[in-house]
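Atoms within each ligand, like the ligands themselves, are counted from 1 in listed order. All values below come from the heavy atoms of this structure, side chains included, with hydrogens, waters and symmetry mates left out.
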Amino acid sequence: MKTYLVTGGAGFIGSNFIHYMFGKYGKDIRIINVDALTYAGNLENLEGLDKEYDYIFIKADIRDKKRISKIFEENDIDFVVNFAAESHVDRSIENPEIFVETNVLGTLIMLNSAKAAWENEDGSFKEGKRFLHVSTDEVYGSLSDPEDYFYEDTPYDPHSPYSASKASSDFLVKAYVDTYHFPGVITNCSNNYGPFQFPEKLIPLIINNALHGKNLPVYGDGKNVRDWLYVDDHCKGIDMVLSNGRIGEKYNIGGHNEKQNIEIIHIILDTLREILPDDDPRKKNVSDDLITFVTDRKGHDRRYAIAPDKIRKELSWEPETAFKDGIKKTVKWYLSHEEWMAHVTSGDYQSYYEKMYEGR
Ligand code: NAD
Ligand code: DAU
């Protein structure tokens, strides 16, 4: 039985990944979820899993050397999947420091702890161990030529403090591979959407605001392009890279689904109007009039677009969820999880929202 150490498993992609893996492998795997439970971590996402599967949650910070080393000493970890990060670009513009601490220093501590646990006396590594670092397409910067795509060898050109911190952590993983022959691998994925995404991010924010008749803030002209992938397709790619990806390589993950932000907002509004029954009181709130163009994000990257050729060719990865189906599933999930949304939008999130969008 393989043991996975998943960091940041109480966040959006991490919790979807844990569900995906238990859905696929059931009782044949063990997952240890290490999460500090920042504002973005929510154990409600994983309720009941410990009763059904070999699942353990440990509340710990990846910056805490002692705790992380102890977890490796007490468990025979086969795979590390490093999701834990500060993930929101707008927050990184306001407060870059925590992004460097968690994303760079935290990743370094994860690498050192895995290295100490997995290294043989002669400097080689135990068989079958893998450290998968989950990264982003934002490290490549912004595309200006409409025909261009991000490939694995596209030079890194991060612009936001968030993407600079992710680029730094990618380089640390690469440095460990190059220097120690550490069994590391990196995935760079495009924008994910789906259940459990914190409503500071575009898609859940727009769904939530539209349902409550609140303004739908569009940064700049709304024509920035993001390449959207249903979260399960990302999870599938991570699983494939863990099992069959080549050590020391990086793999781009994306489904060629580029959309302008304004297009996304119209699709969400149309989907809400289609799905909500006429007698649902939330339906009357849903209106195009809520769309509000606001001051642009500082340093806003214009376009992201992933070329997933390598993962397709080497591992036969293909996305399974078309955007029209994925967005419907996602909207339906948020409609039926009002309580989840109420929990994550109370308290700290209220003050974040007011501060972030004040005067914009
Ligand atoms: P998220 O913000 O929803 O979740 C992050 C999780 O990490 C939370 O559970 C949080 O509690 C935890 N965490 C934060 N700091 C920690 C620390 N110091 N120690 C332990 N746990 C900590 O993020 P997400 O959107 O699920 O992204 C997960 C990973 O995937 C990130 O590394 C991100 O860079 C990457 N990624 C995200 C996307 C996307 O579209 N969301 C796309 C590509 C890559
Ligand atoms: O590309 C992968 C990245 O996608 C991940 O690495 C990040 O962790 C993840 O947060 C996401 O980053 P983005 O900045 O692209 O996502 P966000 O949802 O914040 O914004 C998507 C687009 O929508 C972006 O062009 C900014 C715009 N936007 C966002 C918000 C929150 C708005 O116009 N209005 C908003 O209120």
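- For atom 8 (O) of ligand 2, the nearest protein heavy atom (residue, atom name, distance) is Ser87 O, 2.8 Å.
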Given the rule in the ring-ring contact (aromatic ring centres under 6.0 Å, His included) test, do His337 and Phe196 qualify, once you have shown the distances and angles that lead to the verdict?
CA-CA 9 Å; His337 286 78; Phe196 303 125; 7.1 Å; no

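- By the 3.5 Å distance cut-off applied to N or O atoms, Pro217 is counted among the residues near ligand 2.
- Per-residue contacts place Asp61 under 4.0 angstrom from the following atoms of ligand 1 (heavy atoms of the residue considered): 17 (C), 18 (N), 19 (N).
- With hydrogens and angles disregarded, a donor-acceptor distance shorter than 3.5 Å links the side chain of Trp118 to the backbone of Ile77.
- The distance criterion of under 3.5 Å between nitrogen or oxygen atoms is met by Thr38 with respect to ligand 1.
- Of the N or O atoms in Asn224, none lie within a sub-3.5 Å distance of an N or O in ligand 2.
- Put simply, the side chain of Trp228 never gets that close to the backbone of Ser190: no donor and acceptor are under 3.5 Å apart.
- Remark: Lys115 qualifies as a cation-pi partner of Tyr180 under the 6.0 Å distance and 45° angle criteria applied to the six-membered ring.
- Salt bridge present: Arg282 and Asp280 bring a charged side-chain N and a carboxylate O closer than 4.0 Å.
- Salt bridge status for Glu138 with Lys166: absent, with no side-chain N to carboxylate O gap under 4.0 Å.
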Go through Tyr39 and His88 one step at a time and tell me if the side-chain contact (heavy atoms from CB on, under 4.5 Å) criterion holds.
CA-CA 11 Å; Tyr39 78 93; His88 192 38; 4.1 Å; yes

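- Each of the atoms 43 (C), 44 (C) of ligand 1 lies under 4.0 Å from some heavy atom of Ser135.
- Residue Glu86 has no N or O atom closer than 3.5 Å to an N or O atom of ligand 1.
- Closest to atom 5 (C) of ligand 2, if we only count protein heavy atoms, is Tyr162 OH, 3.6 Å.
- Between Phe12 and ligand 1, a contact under 3.5 Å exists for at least one N or O pair.
- Scanning the protein for heavy atoms near atom 26 (C) of ligand 2, the closest one is His300 NE2, 3.4 Å.
- Looking only at protein heavy atoms, the nearest one to atom 36 (O) of ligand 2 is Tyr357 OH, 2.7 Å.
- Of all atoms in ligand 1, numbered sequentially from 1 with element shown, those under 4.0 Å from a heavy atom of Ala60 are 19 (N), 20 (C).
- For atom 33 (O) of ligand 2, the nearest non-hydrogen atom of the protein is Tyr219 N, 2.9 Å.
- Judged purely by atom type and a 3.5 angstrom limit, Arg91 has no side-chain atom pairing as donor or acceptor with the backbone of Phe99.
- For ligand 2, the polar-atom distance check finds no N/O of Asp90 at less than 3.5 Å from any of the ligand's N/O atoms.
- Among Tyr162, Tyr304, Phe198, the residue whose heavy atom lies closest to atom 34 (O) of ligand 1 is Tyr162.
- For the pair Asp137 and ligand 2, the shortest N or O to N or O distance falls below 3.5 Å.
- Regarding atom 16 (O) of ligand 2, its nearest protein heavy-atom neighbour is Asn191 ND2, 3.5 Å.
- When Val231, Thr136, Thr7, Ile13 are checked for heavy-atom proximity to atom 37 (C) of ligand 1, Ile13 turns out nearest.
- Considering both main-chain and side-chain atoms, Leu202 comes within under 3.5 Å of ligand 2 through a nitrogen or oxygen pair.
- The closest approach between Glu200 and ligand 2 falls below 4.0 Å for a heavy atom of the residue.
- Remark: ligand 1 and Ala36 share an N or O pair separated by less than 3.5 Å (distance only, no angle test).
- For atom 19 (O) of ligand 2, the nearest non-hydrogen atom of the protein is Arg297 NH2, 2.9 Å.
- Note on Glu318 versus Arg312: salt bridge recorded, some NZ/NE/NH1/NH2 to OD/OE distance being below 4.0 Å.
- In terms of modelled atom types and a separation under 3.5 Å, the side chain of Asp35 and the main chain of Ala10 share a donor-acceptor contact.
- Considering backbone and side-chain atoms alike, Ile62 places an N or O below 3.5 Å from some N or O of ligand 1.
- The salt bridge (Lys or Arg N to Asp or Glu O under 4.0 Å) with Asp76 is formed by just one residue from the set Arg30, Lys126, Lys129; it is Lys129.
- At least one donor-acceptor pair closer than 3.5 Å links the side chain of Thr345 to the backbone N or O of Met341.
- The side-chain tip of Arg130 does not point at the ring of Phe125 from less than 6.0 angstrom away and within 45° of straight on.
- Considering backbone and side-chain atoms together, Trp228 places no N or O closer than 3.5 Å to any N or O of ligand 2.
- Under a 4.0 Å criterion applied to the non-hydrogen atoms of Val218, ligand 2 contributes the atoms 33 (O).
- At least one N/O-N/O distance between Lys166 and ligand 1 falls below 3.5 Å.
- Cation-pi contact between Arg246 and Tyr251: absent, since separation from the ring centre below 6.0 Å together with deviation from the ring axis within 45° is not met.
- Considering backbone and side-chain atoms alike, His234 places every N or O at 3.5 Å or more from each N or O of ligand 1.
- When the heavy atoms of Asn42, Asp227, Asn192 are ranked by distance to atom 40 (O) of ligand 1, first place goes to Asn192.
- Side-chain atoms of Val218 and Thr292, non-hydrogen and from C-beta on, never get closer than 4.5 Å to each other.
- In this structure, Tyr156 has its ring center under 6.0 Å from that of Phe171.
- Counting only heavy atoms of the protein, atom 3 (C) of ligand 2 lies nearest to Glu138 OE2, 3.0 Å.
- A side-chain donor-acceptor contact under 3.5 Å links Ser15 to the backbone of Phe12.
- Counting heavy atoms closer than 4.0 Å to ligand 1, residue Asn103 contributes nothing at all.
- Taking any N or O of Asn191, backbone or side chain, none lies under 3.5 Å from an N or O belonging to ligand 1.
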